[in-house]
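A short write-up of the structure that comes next.
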Amino acid sequence: MTPREVAALLAYVVRLDPRMNVEDQAAAADRLAQWCDLLSDVPAIADGWDAARTARDYISRNPYRIQPSDISRPWHVRKADLLNRHAGTFEPTQHPEIDPDDETGNAYVRALRAERRAVALGQKAPYTNLAITAGPLAADVEHRLKQLGTYMPKSVKEVLADYRPHRAERERRAALRLPDPLDVACPHEECRAPKGRPCKNFRGAPRRAGAHFARTDRATIHLANQQQETTA
């Protein structure tokens with residue numbers, strides 16, 4: 001949101017909850033700056049999202065004074081859900097403006113990021129893939145699954161999935177031919193996690209939000225190259 005949008009949202013909040021009114025001008029300016037900072041990456045309105053409605057719902061259901069995080073948190077949860085349901089695969093036919101002979105990959109990465117942003121903002125529905133169980137590409141799926149380690153019957157894998165979520169997620173991505181961030185090293189400056197290891201936060205602990213976007217982009221390009229080699 002822009003500072004103007006945040007100021008309008010705060011005025012709306014004060015109308016709904018007069019306890020939020022601040023008489024002191026300096027305190028009001030400090031609060032506006034805080035809200036602007038915390039809501040700078042949250043849109044005022046997107047497809048299926050309205051920050052004012054989120055604020056109204058919170059005030060109508062909670063006795064506590066609303067904080068900017070009470071608006072930003074639902075947005076980030078919604079955004080993460082949309083991106084998790086998005087396959088992230090690349091359809092060249094949807095991007096005729098990209099030169100297939102461009103060896104730099106810059107236009108390719110820009111298109112991926114623009115598509116992911118459109119999904120996050122609700123401007124485009126998440127694209128999901130169905131599992132490949134037959135045909136020439138099934139052999140490639142089987143090859144990726146074998147690369148992940150020791151074979152076990154599918155029925156056993158399903159039972160153990162809840163106890164090995166990271167492995168189950170990698171197998172799910174392989175079966176659906178989705179990019180697997182752990183197939184490549186993370187290029188993020190503060191992470192640099194090697195292939196096969198999860199991304200880290202600035203404290204060196206596993207990152208709760210999952211792989212960094214730069215690593216996801218690299219994994220998508222890596223998978224695209226593998227698919228080209230398979231079909232060549």
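Side-chain contact between Lys200 and Arg192: absent, with no pair of heavy atoms (C-beta onward) separated by less than 4.5 Å. Using a 4.5 Å heavy-atom threshold, the side chains of Leu182 and Arg215 count as touching.
In this structure, Asp81 CG and His76 NE2 are separated by 14.5 Å, a value rounded to the nearest 0.5 Å. Considering OH of Tyr58 and CG of Asn62, their distance stands at 4.5 Å, rounded to 0.5 Å. Distance check, rounded to the nearest 0.5 Å: CD of Glu5 to CH2 of Trp35 gives 14.0 Å. The line from NE2 of His222 to CZ of Arg218 is 11.0 Å long, rounded to the nearest 0.5 Å. Annotation: the span from Gln67 atom CD to Ser72 atom OG amounts to 10.5 Å, rounded to 0.5 Å.
Annotation: side chain to side chain contact (heavy atoms under 4.5 Å, CB included) contacts of Thr54 (sequence neighbours excluded): Trp49, Pro74. Contacts of Arg56 classified as side chain to side chain contact (heavy atoms under 4.5 Å, CB included), with partners at least two apart in sequence or in another chain: Tyr12, Leu16, Arg53.
Nearest heavy-atom pair, Arg65 versus Arg19, reported as atom, atom and distance to 0.1 Å: NH1-O, 3.5 Å. In this structure, Asn201 and Pro206 approach most closely via the heavy-atom pair ND2-O, 4.2 Å.
Each of Leu9, Val6, Leu38 was compared with Ile71 under the side chain to side chain contact (heavy atoms under 4.5 Å, CB included) criterion, and only Leu9 meets it.
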Step by step, work out the side chain to side chain contact (heavy atoms under 4.5 Å, CB included) result for Asp17 and Ile66.
CA-CA 9 Å; Asp17 184 359; Ile66 190 171; 5.9 Å; no
